[in-house]
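Okay, so here's the structure we're looking at.
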Amino acid sequence: MIAVGIFLWHAALSILLLLIWRLSVRLGRAMRDDVGSNLLLLVSAGLLFLGGVAAAMAPLLPCAQWVFAAADLLGTVLGWYASWHSWGWLRFELRQKSSTGGQS
């Protein structure tokens, strides 16, 4: 039962990353920005989904635990890098708005 929960969690994270990828591509095209690193969000979503499948199979295949750990680690690192590259400007934008007292 826990393995199924871990699989569902990873599937939900993959769907969330696909949504973030789509928003990043649209925003990048609207701003005529580089959307090259957004492909890493797709790879990250795939790796996290693979990690969820491996976690669900881990009780049956002990070697799947290593695939689970490696896919999760690599997917997380790629996802964070691509997200920071695409959305890192938002932190500075929000900080600038709050320093002016919320006025536009």
Side-chain angles (χ1 to χ4, degrees):
M1 189 60 109
I2 292 174
V4 173
I6 292 173
F7 169 73
L8 291 176
W9 173 257
H10 281 77
L13 283 177
S14 296
I15 291 170
L16 179 66
L17 275 174
L18 290 175
L19 177 67
I20 292 171
W21 166 75
R22 191 64 198 148
L23 290 171
S24 298
V25 168
R26 282 185 172 249
L27 181 67
R29 285 184 184 153
M31 294 175 52
R32 292 180 178 81
D33 213 10
D34 178 31
V35 293
S37 68
N38 291 338
L39 255 134
L40 293 177
L41 287 170
L42 282 176
V43 173
S44 176
L47 284 171
L48 286 176
F49 188 78
L50 175 69
V53 170
M57 294 177 60
L60 303 173
L61 298 169
C63 65
Q65 187 68 29
W66 290 100
V67 174
F68 163 61
D72 267 5
L73 180 65
L74 187 59
T76 301
V77 168
L78 286 177
W80 274 108
Y81 172 77
S83 298
W84 184 258
H85 189 268
S86 298
W87 295 92
W89 59 271
L90 189 60
R91 182 181 73 156
F92 301 113
E93 197 66 29
L94 291 174
R95 185 176 290 166
Q96 181 183 5
K97 296 284 184 191
S98 66
S99 67
T100 61
Q103 298 172 355
S104 297

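Everything quoted here is computed from the prediction, not taken from an experiment. The first residue in the sequence is number 1, and the count goes up from there.
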>> Please give me the minimum heavy-atom distance between Ala56 and Pro59, naming the atom from each residue.
In response: O-CD, 3.5 Å
>> Using the side-chain contact (heavy atoms from CB on, under 4.5 Å) definition, which of the options Leu23, Asn38, Ile20 pairs with Ser86?
In response: Asn38
> Under a single-linkage definition using a 4.5 Å side-chain heavy-atom cutoff for Ile, Leu, Val, Met, Phe, Trp and Tyr, are Ile6 and Leu16 assigned to the same hydrophobic cluster?
Replying inline: no
> Between Ala3 and Ala55, what is the shortest heavy-atom contact and its length?
Replying inline: CB-O, 3.8 Å
>> Is there a side-chain contact between Phe7 and Met57 in this structure, where contact means two heavy atoms from C-beta onward sitting under 4.5 Å apart?
In response: no
>> Let me confirm one number: the CD-CH2 distance from Glu93 to Trp87, rounded to the nearest 0.5 Å.
In response: 12.0 Å
>> Looking at every heavy atom in both Ser14 and Ala45, which two are closest together, and how far apart are they?
In response: OG-O, 2.9 Å
>> On a heavy-atom basis, which atom in Tyr81 and which in Leu40 lie closest, and how many Å separate them?
In response: CD2-CD1, 3.5 Å
>> Just verifying a value: how many Å separate Leu42 CG and Leu78 CG, rounded to the nearest 0.5 Å?
In response: 11.5 Å
>> If you count every heavy atom of other residues, nucleotides or ligands that lies below 6.0 Å from Leu60 atom CG, does the total exceed 12?
In response: yes
> What is the minimum heavy-atom distance between Ser83 and Leu41, and which atoms define it?
Replying inline: OG-CD2, 3.6 Å
> Which value, rounded to the nearest 0.5 Å, describes the distance between Leu73 atom CG and Leu48 atom CG?
Replying inline: 10.5 Å
> How long is the gap from CG on Leu17 to OG1 on Thr76, to the nearest 0.5 Å?
Replying inline: 9.0 Å
>> Nearest 0.5 Å, please: how far is CG in Leu39 from OG in Ser44?
In response: 12.0 Å
